[in-house]
Each structure stands twice: as structure tokens, then as C-alpha cells.
Amino acid sequence: MANAIDLSNATLSELPIGAPNYDRRSVGVGIAHIGAGHFHRAHQAAYIDVLLQQGLAHDWGICGVGVMPADWTMRDVLRGQDGLYTLILENPDGSRDAQVIGSIIDYRYAPDDPESALEVLAAPATRIISLTITEGGYRDADGPAFALISQALDRRRRRGIASPTIVSCDNIENNGQVARRTVLASAERVDPELAEWVAQHTRFPNSMVDRITPATTLEMAAEVRRDFGINDRWPVVAEPFSAWVVEDDFADGRPPLEQAGVLMVDDVRPYELMKLRMLNAGHQCLAYFAHLCDFHFVHEAARDPLFAEFLISYFDREAIPTLPPVPGIDLHEYGRTLVERFANPAVRDTVARLCAYSSDRIPKWLYPVICDNLANDGPVALAAAAVASWARYAEGTDEWGKPYEVVDQLADSLIPIARSQHQHPTAFIEITAVFCDLAHQPRFVEAYRWALESLHHKGARATLEALVR
């Protein structure tokens, strides 16, 4: 659109779609968020925007904090657009809802200006530090996110400023406790007294987050310009469904999140396990088979009756029996809702996104289901087949011999091991850093070897047919 409007504070009153109805200049920073990527902007920032629209959160604006070199793009976009961006919700019927989100009111880029990032994290007004740094970001207490957090906490301690609440919004079981362990390890390296102070004063509530949010593409930006008349260099597209469950354990106050639809609970664990073992593990069950069958988009595979049947079978037979009751949720109905969400053609989530960084994802999402079922004499055939599909995918060539890139931090070691499994069928599951002792569990090994052999000799689709029928 030739006369599309550039996003900025100055153009808010001219925008043709919903936009902040509050004075953004009067909003103070109460939350510093490390990793303000597409998921954060579709999820947490959208919830805070709802509160701001209701006049309930003027002390709880968000300052994004970038810690990775690649975050320079987000820095430039958000600074150029005064922190504003467009959130597009893609409905299953093909309609779209668009809203400009205004809750990110500042952005600091630590690689260029670590002092500026430290000061916002250490400021008395910043009472929550939240994180979306991916599952692998919690492995290293010396990593950039945790090094920055521990330095900021040390400043707060020395200045007599109250400790904040640190809220992990990543897809990890017991994510609050994982964040606590990593922060404490990082703090211990700075000063043992700091670690003691953190252990005593800082809160790390567990949380569960849920909204399917594909990565932004240039095409999405072009569609926002064409369909809504807005120049937005980095819009966000998501499904309409959104959920956020948070343990109500905060060190120094919080926004009234329940007024925006957040479920504040004493125990997140049932909701967290449901999401990790069904939605996240379900994505892994679908992803590699879908790639091997030459599907490029998630909805294409989920709309195939064979894939839908495989997912429902995994949910009903293997995932749900490992779960405790979840207050207010019918788990079997939730599984069917997940298949409908995966099948939403408007979201255009890619199979490639689900296949990436599997060595971080499979151990956290699918491995616990397998372990619980092995311990309780439950079935493991479908989860074992999903692992086998990853092993087959990791060979880096499809069923027609065409090569593709395997995106994983362990790719250099995974690929040659996967290619050796024609001669040594259990080579892949002998990677103890990923699978612990699964290669020594006879029931799992039998199911895994059957699926891998079928994938090699009959192909992905025939393997799925045999599994469900």
C-alpha cells in the first residue's frame, strides 16, 4: 500500500486498526524482559497491553533487553517504531484480527551498552525480570543472560534495593526452579554472599505459557502493509488461543495479571506437564514424520487424517496416562483441541521450526513421557517411533535422497551418528547426553528399532499407518 502509515507514537491516532488508548509517555518500566522475540511479543507483552488498556498497569510497562548479538535487529526495529508493533491473530476461518501493541516502552541492547542494560535490571522500579531465552539458554550459568542478571542483582544488594521476581516464560518443566538454580550458580561465581542474598530474597515462580507463534517473515510484514495499511518492519503473527498460568509467588508486587486472563495458581505443575507432554511433545511427534513425508507447514500434516490419528493416539495412550488431574481441564478434549490448533491453516507454522534444536526439546518434552511409562509398565511404541523419526530425520537426507540442513547445536555430532545407524541401529539413542540410559531399556529399544527399521525400509507414511492401525 503506497500510503501505508509508519508505526510510531506520533501516528497512533491515525492508525486504521486498534492501538493503545493510553498515554505511553506516562507508563513506567516495571518489567525487564530478556529475549523480547516473537513469542514474548505475542504473549506476555500482549497480556500487559490488555492491562494498560484497562488502566491497570501504568507502573508495569516492559523494557526489552537484548543479550545476543543477533538481537540488534530487534533493537533497531523497536527503537525505530517507539517499541510499537502489530499483533495479527490468524483465525481458523481465514479472518484476521490486528492490534498494535504498546506495552514495550523501552529497549536496551547489552552487547553495545551493558551499563544501560544493567541499570534497568537494577532499577528499584523494575520489580519483575522475565525471560524467554529458549530451552538451551538455561544450561550455562556464565551465559550472557545469567551473567547480566547476577551482576544486576549484585548492584541491587549493594544499593539496598529489593530483589525482583524472576519469571521464566520458557517451555521447561519447573521453569522457575530451573531459573533459580542457574541464577544461584551464576551468583555464586560473582560472590557467595550474593548467592545467599538471592536465595533468601528473590522469588522464581513457575509458569506455563501457550500460544503457537511462528517466526516472523518478510512476507508477513508485506501483508500487514497491504492488508492493514501499516509499515511494520517486524509484526508478529499468532493463533487466537493463548494461555498463561503463573505460580502466585512474587517478591515485590505484581500487575493484576488475572484481570487480563492469566490463571494465578498455587501449583503450576499440572498445567505445565499437560502442555509440555501434549502440545510440545505432540509437536515433536508430528514434526519429523511430517518432514519425511515432505510437508512444509504444520497445518498440512495435522489436517492429514493419518497424522491426526497418530497424534490423538499418542495423547490418549501414552501422554495422558502420565499426567495428574488438571483442575478445570478435560485432557482428552484438550488433545483434540490441540490437533485443531495445529491444523489452523492461517497460522502457517513451519515444520522446519518444529524440527530445529531437537536435542534441547526431545529430552525435556518427550523423554519424561517415555520414562514414566517405562516405570509404570505403560506403552511406549508411539513415543519411541517419534524418537526414531528424529533419528531418521537427523541423517540429513529425505526418502528421495535429497539433502537438507539439520538445525541443531549438536548437529556436527548428531548427523554422523545418525548416518551410522544403518549398521548400528541403536547408535543414536546411545547418545547419553540426550537419552541417558534409554539404550539399556529393552522395551524402549525394541519399539525404537522396529520403527527405525520401518522408516528405513518402508518409509514414514507406511510406518505411521502400521503404528495407528
Side-chain angles (χ1 to χ4, degrees), residues 7-9 12 19-20 22 24-52 57-87 99-123 125-134 137 143-149 151-153 164-170 179 207 209 211 213 215-216 221 232-238 244 254-255 257 260:
L7 267 184
S8 72
N9 283 334
L12 278 177
Y22 47 90
R24 298 181 74 231
R25 295 167 299 180
S26 70
V27 176
V29 170
I31 301 168
H33 184 85
I34 298 174
H38 60 280
F39 180 78
H40 167 71
R41 295 187 302 139
H43 191 267
Q44 183 186 356
Y47 281 96
I48 298 299
D49 187 76
V50 169
L51 294 179
L52 287 167
H58 271 70
D59 293 332
W60 295 102
I62 298 169
C63 178
V65 179
V67 297
M68 304 300 289
D71 291 335
W72 68 267
T73 310
M74 187 63 71
R75 172 201 67 191
D76 290 353
V77 169
L78 290 178
R79 287 181 181 173
Q81 297 178 176
D82 292 329
L84 297 164
Y85 61 93
T86 315
L87 174 61
Q99 173 85 20
V100 172
I101 304 296
S103 54
I104 298 177
I105 58 171
D106 195 2
Y107 191 87
R108 309 290 171 91
Y109 181 62
D112 272 359
D113 192 350
E115 184 61 26
S116 172
L118 275 171
E119 279 301 301
V120 78
L121 292 171
T126 302
R127 293 185 277 164
I128 293 174
I129 297 172
S130 52
L131 307 164
T132 43
I133 56 174
T134 76
F146 292 104
L148 197 66
I149 288 170
Q151 290 176 61
L153 292 173
T165 300
I166 295 178
V167 182
S168 169
C169 298
D170 282 296
S207 74
V209 296
R211 173 168 260 174
T213 310
T216 297
D232 185 343
R233 287 176 57 198
W234 211 334
V236 187
V237 171
W244 193 8
R254 64 169 176 82
L257 295 168

Before you tell me yes or no, could you show the steps for R24 and Y22 under side chain to side chain contact (heavy atoms under 4.5 Å, CB included), namely the whole-Å CA-CA distance, both residues' side-chain angles and the distance that decides it to 0.1 Å?
CA-CA 6 Å; R24 298 181 74 231; Y22 47 90; 3.7 Å; yes
With side chain to side chain contact (heavy atoms under 4.5 Å, CB included) as the test, would you mind laying out the steps for T132 and H33 before giving the verdict?
CA-CA 8 Å; T132 43; H33 184 85; 2.7 Å; yes
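Side-chain contact between I104 and H40 is present, with at least one heavy-atom pair separated by less than 4.5 Å. Contact check for L153 versus I166: side-chain heavy atoms found under the 4.5 Å cut-off. Q44 is listed as a side-chain neighbour of S130, based on a closest heavy-atom distance under 4.5 Å. P255 places a side-chain heavy atom less than 4.5 Å from the side chain of I48. In this structure, D232 and Q81 have side chains that are in contact, with non-hydrogen atoms separated by less than 4.5 Å. For the pair S168 and I133, the minimum side-chain heavy-atom distance is 4.5 Å or more.
To the nearest 0.5 Å, atom CG of residue D106 and atom OG of residue S116 are 7.0 Å apart. Atom-to-atom distance recorded for L118:CG and I149:CD1 is 10.5 Å, nearest 0.5 angstrom. Y85 contributes atom OH, which lies 5.0 Å from atom OG of S103 (distance to the nearest 0.5 angstrom). Here the CZ-CG distance, from R25 to N9, works out to 8.0 Å after rounding to the nearest 0.5 Å. Rounded to the nearest 0.5 Å, atoms CG (L148) and CD1 (I34) are 5.5 Å apart.
The backbone N or O of A147 sits less than 3.5 Å from a side-chain atom of Q151, completing a donor-acceptor pair. A donor-acceptor pair under 3.5 Å is absent between the side-chain atoms of R211 and the main chain of A238, judged by distance alone. T216 places a side-chain N or O within donor-acceptor distance of the main-chain N or O of P235, the cut-off being under 3.5 Å. Here the side chain of S8 pairs no donor or acceptor atom with the backbone of D82 at under 3.5 angstrom.
Partner W234 forms a side chain to side chain contact (heavy atoms under 4.5 Å, CB included) with one of T86, L7, V77 and no other, that one being V77.
In terms of heavy-atom proximity, W244 sits nearest to S207 at NE1-CB, 4.0 Å. The two residues V209 and H43 come nearest to each other via the heavy atoms CG1-CE1, 3.6 Å. For I101 against A45, the heavy-atom pair with the smallest separation is CG2-O, 3.9 Å. For Q99 against D49, the heavy-atom pair with the smallest separation is NE2-OD2, 4.3 Å.
Every residue meeting the side-chain contact (heavy atoms from CB on, under 4.5 Å) condition with A260, not counting sequence neighbours, appears here in chain and number order: Y47, V50, L51. Every side-chain contact (heavy atoms from CB on, under 4.5 Å) that A19 has, sequence neighbours left out, goes to L12, L15, V100.
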Review item, side-chain donor-acceptor pairs of residues 57-76, under 3.5 Å, at least two apart:
from: D71; atom 1: OD2; to: V67; atom 2: N; distance (Å): 3.1
from: D71; atom 1: OD2; to: M68; atom 2: N; distance (Å): 3.0
from: R75; atom 1: NH1; to: D112; atom 2: OD2; distance (Å): 2.6

